[in-house]
Q: 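Please see the structure below; I have some questions.
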Amino acid sequence: MIIQFMRLLLTILLLSCLHLSAQTEQERDSLTSEKLDEVVITGQLNPQSVSKSVVEVKVISRKDIERQAGNTLADVLNTTLNLNITPNTSTGKSGVSLFGLDSQYFKVLIDNVPIINEEGVGNNTDLTLINLDDIERIEIVEGAMGVQYGSNAVSGIINIITKKSSRNDWEITAYSQEETIGDEYEWFDKGRHIQSLKVGHNFNDNIYGNVIYTRNDFGGFYNEKQGENYEANDGLRGHEWLPKLQQNAKGLVSYKKNNINIFYRFDYLNERIEKYAENVDLNENPATGTTNPSALDEIYRNNRFYHHLNGTGTIFNKIGYNVSVSYQKQTKDLERYTYRIRNQEKVNLEEGEYQSRSAFFSRGTFSNIINTTTANLQLGYELTNEKGSGSSLAIVIGPESDEINQELNNYDFFAASEIQLTEQFSLRPGFRASFSNLFDTQFIGSLSAKQTLGEDWELRAILGSANRTPNYNELYTFFVDVNHNVQGNPDLNPEKGVSAFLHLKKKSSFSEGVFRLKNKLSFNYLNLKDRIELIVVNQNPLAYQYNNIDSFKAIGVFSENEIYYENFKGQIGASFQGVSKVLDSRTQRNDDYLFNLQLNSNLSYTAPKWQTTFSLFYKFIGEQQQFVEQTNEAGNQEYVTGKTDAYSWMDATINKSFFDGAFTTTLGCRNLFDVTQVNTTAVEGGTHNGPPAQIPLGYGRSYFLKLTYNLSF
């Protein structure tokens with residue numbers, strides 16, 4: 001492996017003879033980037049600094065992303081407080097929860113536009129499908145944001161802000177990253193292999209464009225498994241973690257002149273996931289005593305197209321507008337075949353599209369409609385036309401498939417105002433009306449307040465509401481055969497959510513700014529009614545259907561603190577959250593709060609003389625409890641408290657620059673504590689005195705080397 005890494009290093013070093021150094025411009029860009037990190041747009045009437053925002057916004061900067069060598073959104077958010085990521089080894093996706101609510105309850109946006117996925121628009125997004133090569137920063141708002149961003153923004157918002165300009169005439173960035181998967185690595189077949197090329201150019205003073213191509217090849221994790229060409233029928237064929245290949249192509253063109261800014265962004269993603277069956281049919285021939293082993297294998301393909309046209313500026317010399325129009329589509333294709341292992345050939349091939357989602361989305365805000373020294377009024381609209389076919393629960397391909405096509409249309413109008421009552425105190429009320437072709441009209445409100453207390457003390461209070469619209473599977477799934485009866489429910493109502501957050505912040509500076517502190521203490525409350533669950537609606541024959549039966553509450557306190565001393569930067573956080581979930585209000589109420597402790601830290605030290613930064617990323621998730629329905633020894637169903645064991649996760653990186661920043665090397669280790677799985681008794685069904693199940697979390701301690709080449713002039 002070392003020899004292969006050295007080959008990669010030599011290849012990139014040969015490019016140094018082509019480097020044209022423009023260090024002064026790079027330093028200016030770096031300073032500009034740091035200043036931009038303090039300006040946020042998520043949930044704002046106008047872009048403004050974090051300190052002036054009435055809404056509390058977390059920012060993950062481009063430098064933070066680079067220090068982690070993060071390639072996807074899942075890589076970067078893995079150690080974020082209150083946000084838990086759990087991979088799925090059988091599908092290749094990553095499940096995410098924020099304040100105990102899964103990814104159906106928060107929205108993932110790119111430049112304020114929700115991104116499509118197989119479940120819909122904005123929510124249930126697989127974070128491993130979002131590449132970060134053109135990202136300027138990530139903004140996170142915790143709590144209900146229904147007024148600004150509509151349905152499904154119950155627990156929060158993740159808004160990814162892309163880079164749309166450059167101070168240089170030309171920018172070329174190429175990098176290659178090699179990573180072990182646990183202790184498994186080979187140049188082509190094992191490990192993770194990532195290559196990327198980005199070219200940006202200012203065509204003139206007004207027009208900028210860039211193109212990016214990234215290839216991310218995850219070879220899968222074998223562990224005890226033996227891969228595709230293993231012949232024995234002993235359950236060892238295939239992979240423990242499925243191999244997948246992602247290819248991502250992006251393009252952007254932006255135009256700026258006077259007070260007009262326009263950009264068009266295109267993004268295409270292709271993902272291929274290979275699933276090799278562990279069971280092998282030996283196909284024994286008694287007459288000859290020979291075998292011809294084969295297996296039934298599958299290949300899944302995701303294709304996502306993303307178009308976004310945006311215009312910002314002012315009209316009538318005062319009204320600021322920000323209008324986006326987006327069309328997106330994601331399809332899932334399945335290829336099923338019999339694989340004859342010895343001949344390495346595919347026969348009995350079936351292939352086709354079994355799931356499709358498309359959406360037309362438009363969002364517009366018009367600010368400064370009333371703009372005085374004490375008040376500002378913003379009006380806005382959102383239009384979503386979502387169409388879909390197929391279901392992830394019932395995968396049917398071929399001519400016999402009975403495709404169900406449905407659509408969901410939302411027409412929303414909202415208003416928000418910032419009122420400066422005194423020099424220290426401001427209010428921000430908001431209201432949204434949502435009209436739909438499937439549901440009754442929904443009304444959502446919010447009220448935020450900010451009080452400056454003097455000596456760099458800030459107090460923010462945010463009360464907001466948001467609804468979660470039933471997803472496609474909950475509405476339209478029809479999976480009925482001899483062994484299954486799982487049906488959606490078109491009569492479902494949106495879930496109703498409300499949240500309250502209180503943030504107290506303090507900034508301190510000592511020794512003329514050499515030593516600085518930022519401290520924040522927060523209290524949160526979430527309440528969700530009419531929660532949708534899949535329940536038994538008929539015992540004989542057994543049938544399931546989605547219904548509005550549950551409720552959910554979360555209360556907690558968390559603290560996030562930053563320390564800056566010369567070249568040292570530290571971020572330390574702690575969270576204590578309690579969750580109360582009523583599983584079925586018709587039969588039994590389990591409304592006790594079950595609490596969980598989380599800790600995280602992000603530490604870095606820069607040695608300027610060496611042009612080197614050392615970083616450490618840590619997260620601790622304490623024991624988690626959850627009420628589950630299980631069968632007791634008498635054969636009756638009852639609710640018990642299941643537990644998931646505590647665990648810790650740590651990553652470490654060393655980032656070093658060469659040749660005045662022309663080359664950057666990042667050497668790192670992920671999962672230093674070698675976590676692979678965690679025991680849990682929080683499993684539905686079965687008997688509660690049975691053995692614990694295991695939740696896979698990682699494939700062990702892994703090492704990576706990333707080499708980046710930058711050319712700008």
Side-chain angles (χ1 to χ4, degrees), residues 34-44 47-61 63-64 79-83 98-99 137-143 145 156-157 418-428 447-464 499-526 555-577 597-606 616-620:
E34 290 181 6
K35 292 178 182 178
L36 285 174
D37 287 342
E38 298 297 321
V39 177
V40 294
I41 66 171
T42 305
Q44 309 303 314
Q48 57 185 312
S49 66
V50 175
S51 61
K52 293 182 179 180
S53 170
V54 177
V55 178
E56 182 65 21
V57 184
K58 291 183 184 179
V59 178
I60 300 175
S61 69
K63 285 190 174 182
D64 293 331
T79 55
T80 302
L81 198 65
N82 297 321
L83 195 151
L98 180 62
F99 295 110
R137 66 188 183 277
I138 300 168
E139 299 178 358
I140 303 174
V141 179
E142 297 167 331
M145 292 291 290
I157 290 290
E418 286 190 5
I419 306 171
Q420 194 76 35
L421 296 178
T422 69
E423 188 175 338
Q424 291 78 30
F425 182 69
S426 57
L427 279 176
R428 182 173 169 182
L447 179 63
S448 303
K450 177 192 171 186
Q451 173 72 52
T452 302
L453 302 175
E455 296 184 359
D456 293 322
W457 285 90
E458 298 173 0
L459 180 65
R460 289 177 173 85
I462 301 102
L463 176 65
S499 72
F501 280 72
L502 184 68
H503 304 283
L504 180 63
K505 297 178 72 174
K506 174 71 168 72
K507 295 181 181 180
S508 306
S509 181
F510 308 94
S511 302
E512 296 182 352
V514 175
F515 181 70
R516 293 175 292 137
L517 293 174
K518 293 181 181 180
N519 305 98
K520 182 175 74 172
L521 179 64
S522 302
F523 301 88
N524 64 278
Y525 171 77
L526 285 167
I555 58 172
V557 56
F558 59 97
S559 177
E560 295 173 289
N561 309 277
E562 299 179 25
I563 305 171
Y564 302 85
Y565 178 69
E566 293 183 341
N567 299 317
F568 173 80
K569 176 183 176 182
Q571 295 176 317
I572 301 172
S575 174
F576 191 62
Q577 298 289 324
L597 173 67
Q598 288 190 17
L599 306 171
N600 82 327
S601 64
N602 176 345
L603 310 176
S604 68
Y605 175 77
T606 301
L616 200 64
F617 307 88
Y618 172 77
K619 187 172 185 180
F620 168 78

Q: Looking only at heavy atoms, what is the nearest atom pair of Ser499 and Leu526, with distance?
A: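 Closest approach of Ser499 to Leu526, heavy atoms only: CB-CD2, 3.1 Å.
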Q: Is there a side-chain contact between Ile555 and Phe523, using heavy atoms and a 4.5 Å cut-off?
A: no
Q: Would you check if the side chain of Asn561 reaches a backbone N or O of Ile572 as a donor-acceptor pair within less than 3.5 Å?
A: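 A pair under 3.5 Å: yes.
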Q: Should Lys505 and Leu459 be marked as a side-chain contact (heavy atoms from CB on, under 4.5 Å) after you check the CA-CA gap, both sets of side-chain angles, and the distance that decides it?
A: CA-CA 6 Å; Lys505 297 178 72 174; Leu459 180 65; over 6 Å; no
Q: Any luck finding a side-chain donor-acceptor pair between Ser448 and Lys450 under 3.5 Å?
A: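 The answer is no; no qualifying pair exists.
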Q: In Å, rounded to the nearest 0.5 Å, how long is the span from OH of Tyr605 to CG of Leu616?
A: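 The distance works out to 15.5 Å.
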Q: Between atom OG of Ser559 and atom NZ of Lys520, what is the distance when rounded to the nearest 0.5 Å?
A: 9.0 Å
Q: Begin with the C-alpha distance, continue with both residues' side-chain angles, and end with the deciding distance and a verdict on side chain to side chain donor-acceptor pair (under 3.5 Å) for Ser509 and Lys507.
A: CA-CA 7 Å; Ser509 181; Lys507 295 181 181 180; over 6 Å; no
Q: Run the numbers on Phe515 and Ile563 for side-chain contact (heavy atoms from CB on, under 4.5 Å), then give the verdict.
A: CA-CA 8 Å; Phe515 181 70; Ile563 305 171; 3.8 Å; yes
Q: Hey, mind stepping through Tyr525 and Leu502 against side-chain contact (heavy atoms from CB on, under 4.5 Å) and telling me if it holds?
A: CA-CA 9 Å; Tyr525 171 77; Leu502 184 68; over 6 Å; no
Q: Within the supplied structure, the quantity of interest is the number of heavy atoms (other residues, nucleotides, ligands) at a distance under 6.0 Å from Lys52 NZ; does it exceed 12?
A: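 No.
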Q: Could you check whether Asp456 pairs with Arg516 (Lys NZ or Arg NE/NH1/NH2 to Asp/Glu carboxylate O, under 4.0 Å)?
A: no
Q: Between Ser61 (side chain only) and Asp64 (backbone N and O only), is there a donor and an acceptor less than 3.5 Å apart?
A: yes
Q: What are the two closest heavy atoms between Val40 and Glu139, and how far apart are they?
A: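 So the two residues come closest at CA-OE2, 3.2 Å.
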Q: From His503 NE2 over to Arg460 CZ, what is the distance, rounded to the nearest 0.5 angstrom?
A: 8.5 Å
Q: For Asn600, which residues count as a side-chain contact (heavy atoms from CB on, under 4.5 Å) partner, sequence neighbours excluded?
A: Leu81, Lys619
Q: How many angstroms lie between atom OG of Ser575 and atom CG of Leu83, to the nearest 0.5 angstrom?
A: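 Between atom OG of Ser575 and atom CG of Leu83 there are 11.0 Å.
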Q: Should the ring pair Phe558 and Phe99 be called parallel, tilted or perpendicular, given that the plane angle runs from 0 to 90° and is split at 30 and 60?
A: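 Geometry flag for Phe99 against Phe558: tilted rings.
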Q: So which atom in Asn82 and which in Glu142 form the shortest heavy-atom distance, rounded to 0.1 Å?
A: ND2-OE2, 3.8 Å
Q: Could you go step by step and tell me if Leu421 and Ser426 meet the side-chain contact (heavy atoms from CB on, under 4.5 Å) rule?
A: CA-CA 6 Å; Leu421 296 178; Ser426 57; over 6 Å; no
Q: Taking all non-hydrogen atoms of both residues, which atom of Val57 and which atom of Val50 are closest, and how far apart?
A: O-CG1, 4.0 Å
Q: Mark yes when over 12 heavy atoms from residues, nucleotides or ligands other than Tyr565 sit less than 6.0 Å from its OH; otherwise mark no.
A: no
Q: Tell me, do Leu603 and Phe617 make a side-chain contact under 4.5 Å, heavy atoms counted?
A: no
Q: Checking the side chain of Arg428 only, and the main-chain atoms of Ile462 only, is there a donor and an acceptor separated by less than 3.5 Å?
A: no
Q: Roughly how far, to the nearest 0.5 Å, is the OG atom of Ser522 from the CZ atom of Phe501?
A: 8.0 Å
Q: Which one of Ile138, Val59, Val141 satisfies the side chain to side chain contact (heavy atoms under 4.5 Å, CB included) criterion with Thr42?
A: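 In the set Ile138, Val59, Val141, the residue that makes a side chain to side chain contact (heavy atoms under 4.5 Å, CB included) with Thr42 is Val141.
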Q: Which heavy atom in Thr80 sits nearest to a heavy atom in Ile60, and how many Å separate them?
A: OG1-CD1, 4.5 Å
Q: Quickly, which of Gln44, Glu418, Gln48 forms a side-chain hydrogen bond (donor to acceptor under 3.5 Å, both in side chains) with Ser53? Name it, please.
A: Gln44
Q: Please report the closest heavy-atom contact between Leu427 and Ala449, naming both atoms and the distance.
A: CD2-CB, 3.6 Å
Q: Under the side chain to side chain donor-acceptor pair (under 3.5 Å) criterion, do Thr452 and Gln424 qualify, and how do the steps go?
A: CA-CA 5 Å; Thr452 302; Gln424 291 78 30; over 6 Å; no
Q: Contact between Asn602 and Lys569 at the side-chain level, heavy atoms closer than 4.5 Å - yes or no?
A: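 With C-beta onward as the side chain, the pair stays apart.
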Q: At what distance, to the nearest 0.5 angstrom, does CG of Leu521 lie from CD of Glu560?
A: 10.5 Å
